[in-house]
Amino acid sequence: MPKKFETQWFYAGLDTRKEIRQGGLLGFRKEEVDVYDAKFANLDQFSQQLEAIYNEFDMRGLDVVNVVPISLGSSEPCHASTKNGQNYLGETPYSITRGAVVVGKRRDLE
């Protein structure tokens with residue numbers, strides 16, 4: 001019996017932002033560099049990959065029936081003061097959607 005459902009997954013890279021950094025021997029030269037931002041996925045890449053899978057499924061006679069997000073979690077340090085004035089170093093968690101699993105259903109097996 002042929003498979004009725006097929007899946008394909010994709011994963012987008014991190015977004016970048018421009019940052020000015022000091023360079024050169026004495027630090028007088030400034031240069032603009034791309035820095036990866038861990039809190040944001042590259043949404044252009046994400047949408048292009050999702051569109052490509054939708055079009056491929058359509059050409060192969062599959063209807064998309066579900067898209068399951070792939071989220072990755074991380075954390076970053078934060079500083080907070082306690083009542084007695086001592087510093088406490090804790091973590092602030094966050095998660096971003098970096099990809100998805102796309103589920104397709106064959107049209108010819110209805």
Side-chain angles (χ1 to χ4, degrees):
M1 178 176 212
K3 293 192 315 183
K4 188 173 186 174
F5 296 94
E6 291 187 33
T7 62
Q8 188 170 340
W9 67 275
F10 69 93
Y11 185 74
L14 292 173
D15 205 3
T16 59
R17 59 182 162 76
K18 300 287 185 191
E19 190 173 281
I20 304 294
R21 292 206 176 151
Q22 302 288 97
L25 182 61
L26 299 174
F28 292 123
R29 186 183 64 202
K30 293 181 181 180
E31 57 186 4
E32 188 175 71
V33 295
D34 286 329
V35 178
Y36 288 105
D37 194 336
K39 292 185 180 179
F40 297 97
N42 184 325
L43 295 179
D44 290 330
Q45 186 183 57
F46 186 100
S47 63
Q48 290 168 0
Q49 291 182 62
L50 185 59
E51 178 185 13
I53 292 173
Y54 268 58
N55 287 324
E56 179 189 338
F57 275 16
D58 186 54
M59 286 188 308
R60 292 178 40 217
L62 294 145
D63 288 326
V64 174
V65 294
N66 203 357
V67 178
V68 181
I70 299 172
S71 296
L72 300 176
S74 190
S75 63
E76 63 183 18
C78 68
H79 298 279
S81 294
T82 61
K83 290 179 188 175
N84 59 8
Q86 294 178 354
N87 286 330
Y88 167 74
L89 177 64
E91 297 285 320
T92 302
Y94 63 90
S95 64
I96 62 171
T97 301
R98 293 274 307 268
V101 177
V102 182
V103 182
K105 180 181 176 184
R106 290 181 52 180
R107 290 185 202 117
D108 61 349
L109 295 178
E110 294 294 326

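Since this is a predicted model, take the numbers as computed values, not measurements. Note that these values count all heavy atoms, side chains included, but never hydrogens, waters or copies made by symmetry.
- When side chains are defined from C-beta on, Asp15 does not count as touching Lys39, because their heavy atoms never get closer than 4.5 Å.
- Atom CD of Gln8 and atom CZ of Arg60 lie 7.0 Å apart (nearest 0.5 Å).
- Across all their heavy atoms, Ala41 and Ile96 have their closest contact at N-CD1, 4.1 Å.
- Through chains of ILVMFWY side-chain contacts below 4.5 Å, Val64 is grouped with Phe10, Phe46, Leu50, Ile53, Tyr54, Phe57, Leu62, Val67, Val102.
- Hydrophobic clustering keeps Ile70 apart from Val103 (ILVMFWY residues linked when any side-chain heavy atoms are closer than 4.5 Å, directly or through intermediates).
- The line from CZ of Arg106 to NZ of Lys3 is 9.5 Å long, rounded to the nearest 0.5 Å.
- Taking CG of Asn42 as the start and CD of Gln48 as the end, the distance is 8.0 Å to the nearest 0.5 Å.
- Listed by chain and residue number, Arg17, Arg21 satisfy the salt bridge (Lys or Arg N to Asp or Glu O under 4.0 Å) test with Glu19 (two or more places apart in sequence, or in another chain).
- Phe40 and Tyr11 fall into different hydrophobic clusters, defined by Ile, Leu, Val, Met, Phe, Trp and Tyr side-chain heavy atoms under 4.5 Å apart, directly or through other members.
- A salt bridge between Asp63 and Lys105 is absent, with no side-chain N of the basic residue lying under 4.0 Å from a carboxylate O of the acidic one.
- Side-chain atoms of Lys18 and Asp34, non-hydrogen and from C-beta on, do get closer than 4.5 Å to each other.
- The number of heavy atoms from other shown groups lying within 6.0 Å of OH (Tyr94) is above 12.
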